[in-house]
Amino acid sequence: MVNTSIERSLKGWSPTHAKLAEMVLDTSGATNLAQRYRALFSLKGLNDDEAVRIIGAALGLKNDSDLFRHEVAYCLGQMGNSAAIPALVEAMADADSHDMVRHEAAESLGAISDPAAVPELEKYVDDPCRPLAETCVLALEKIRYDHSAEARQLDPAPADSAYESVAPAPATTATKSAAELKATLCDEGVGLWKRYRAMFALRELGTEEAVLALAAGLEGDRSSELFRHEIGF
């Protein structure tokens, strides 16, 4: 059920926002998932406060498709608007939500990279839900990195990335050797932050050797489902 404040707001929003809200929130009960996805990404493209509010309301539909709510959380993170933080924190904290929804909410808090989210993320670094706990650790590392001039100077992110999406960890530029990056990626004794940075550096390389290195990490890792999921992405 869509909350009444959103229903009232539909009348005051622009025709574009209102129509997309009806589709994303499935107010008619007859909008198929493909249409809702298209409306979701249209709102992501608008990327204004009204769009964030609509998408945040969709994240709050707890009886909705877990897959769709996961994608909703992803979009909020990619939009980079701190107004999404309350909705993401609520989804992350909901122990009744699917693990992938809670994980994506935490990852999106890292993508937004607002230090205001740090106390909330810190609550779950030892959570029994391991994908959530690992994601919170990564999100905290990313926020610290983003707000530390020293860290960014020591190992800056690529200046001209081929990808527009906000990654959970920036690609390392400390080495461009696929062999060295593979060694870091596949070393289960190395922290996830460094392994993720190697992972995204291999993605930036985009060579056959880099692809094979990522495949080796996917096939060989036994330490983290979250890590393997991200390689698949």
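By convention here, the first residue in the shown sequence is residue 1. Hydrogens, waters and symmetry mates are skipped; everything else that's a heavy atom, side chains included, is used.
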(request) For L140 and V125, run side chain to side chain contact (heavy atoms under 4.5 Å, CB included): C-alpha distance rounded to whole Å, both residues' side-chain angles, the deciding distance at 0.1 Å, then the answer. (result) CA-CA 9 Å; L140 288 165; V125 294; 3.6 Å; yes
Student check: side-chain heavy atoms of [X] and [Y] closer than 4.5 Å:
{"X": "Y163", "Y": "F200", "result": "no"}
{"X": "R130", "Y": "E225", "result": "no"}
{"X": "I143", "Y": "L121", "result": "yes"}
{"X": "K62", "Y": "E90", "result": "yes"}
{"X": "Y145", "Y": "L154", "result": "no"}
{"X": "K19", "Y": "S42", "result": "no"}
{"X": "S113", "Y": "K142", "result": "yes"}
{"X": "C136", "Y": "M92", "result": "yes"}

(message) Parallel, tilted or perpendicular: which one describes the rings of F227 and Y196, with boundaries at 30° and 60°?
(response) tilted
Assigning hydrophobic clusters by single linkage (Ile, Leu, Val, Met, Phe, Trp, Tyr; side-chain heavy-atom cutoff under 4.5 Å), is [X] placed with [Y]?
{"X": "V72", "Y": "I85", "answer": "yes"}
{"X": "L88", "Y": "F41", "answer": "yes"}
{"X": "L33", "Y": "I55", "answer": "yes"}
{"X": "M100", "Y": "Y74", "answer": "no"}
{"X": "L192", "Y": "V166", "answer": "no"}

Using every non-hydrogen atom in the two residues, find where [X] and [Y] come nearest and quote the distance to one decimal.
{"X": "A167", "Y": "R203", "answer": "CB-NH2, 4.4 Å"}
{"X": "A91", "Y": "R102", "answer": "O-CG, 3.7 Å"}
{"X": "G217", "Y": "I231", "answer": "C-CD1, 3.6 Å"}
{"X": "S82", "Y": "D114", "answer": "OG-OD2, 2.8 Å"}
{"X": "A169", "Y": "R197", "answer": "CB-CG, 4.0 Å"}
{"X": "L205", "Y": "L181", "answer": "CD1-CD1, 3.9 Å"}

Tell me whether [X] contacts the main-chain N or O of [Y] through its side chain, where contact means a donor paired with an acceptor under 3.5 Å.
{"X": "D26", "Y": "A30", "answer": "yes"}
{"X": "R228", "Y": "D221", "answer": "yes"}
{"X": "E107", "Y": "A139", "answer": "no"}
{"X": "S108", "Y": "L76", "answer": "no"}
{"X": "Q35", "Y": "M23", "answer": "no"}
{"X": "K44", "Y": "C75", "answer": "no"}
{"X": "T173", "Y": "P156", "answer": "yes"}
{"X": "R152", "Y": "D146", "answer": "yes"}

(message) Other residues, nucleotides and ligands only: do more than 12 of their heavy atoms fall within 6.0 Å of CG on D126?
(response)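 Check fails, neighbour count at 12 or below.
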Working to the nearest 0.5 Å, report the span between [atom1] of [X] and [atom2] of [Y].
{"X": "H103", "Y": "H229", "atom1": "NE2", "atom2": "NE2", "result": "4.0 Å"}
{"X": "M199", "Y": "T172", "atom1": "CE", "atom2": "OG1", "result": "13.0 Å"}
{"X": "L202", "Y": "T207", "atom1": "CG", "atom2": "OG1", "result": "7.5 Å"}
{"X": "M79", "Y": "N47", "atom1": "CE", "atom2": "CG", "result": "4.5 Å"}
{"X": "L59", "Y": "S97", "atom1": "CG", "atom2": "OG", "result": "7.5 Å"}
{"X": "L43", "Y": "R38", "atom1": "CG", "atom2": "CZ", "result": "13.0 Å"}

(request) Please check if any side-chain donor atom of S161 sits under 3.5 Å from a side-chain acceptor atom of E204, or the reverse. (result) yes
(request) Establish, from distance only, whether the side-chain atoms of N81 and D49 form a donor-acceptor pair under 3.5 Å. (result) yes
(request) Take L40 and F68, measure what side chain to side chain contact (heavy atoms under 4.5 Å, CB included) needs, and give me the verdict at the end. (result) CA-CA 10 Å; L40 171 62; F68 185 69; 4.1 Å; yes
(request) Could you please spell out the steps behind the side chain to side chain contact (heavy atoms under 4.5 Å, CB included) verdict for R195 and E188? (result) CA-CA 9 Å; R195 296 179 76 193; E188 296 181 13; 4.0 Å; yes
(message) As a quick check of understanding, evaluate side chain to side chain contact (heavy atoms under 4.5 Å, CB included) for V89 and L109, giving each step before the final call.
(response) CA-CA 8 Å; V89 167; L109 289 169; 4.1 Å; yes
(message) Between K123 and E120 (salt bridge meaning N to carboxylate O under 4.0 Å), is one present in this structure?
(response) yes
(message) Check this for me, if you would: do R69 and D64 make a salt bridge, where the nitrogen-to-carboxylate-oxygen distance has to be below 4.0 angstrom?
(response)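 Salt bridge between R69 and D64, a charged N being under 4.0 Å from a carboxylate O: no.
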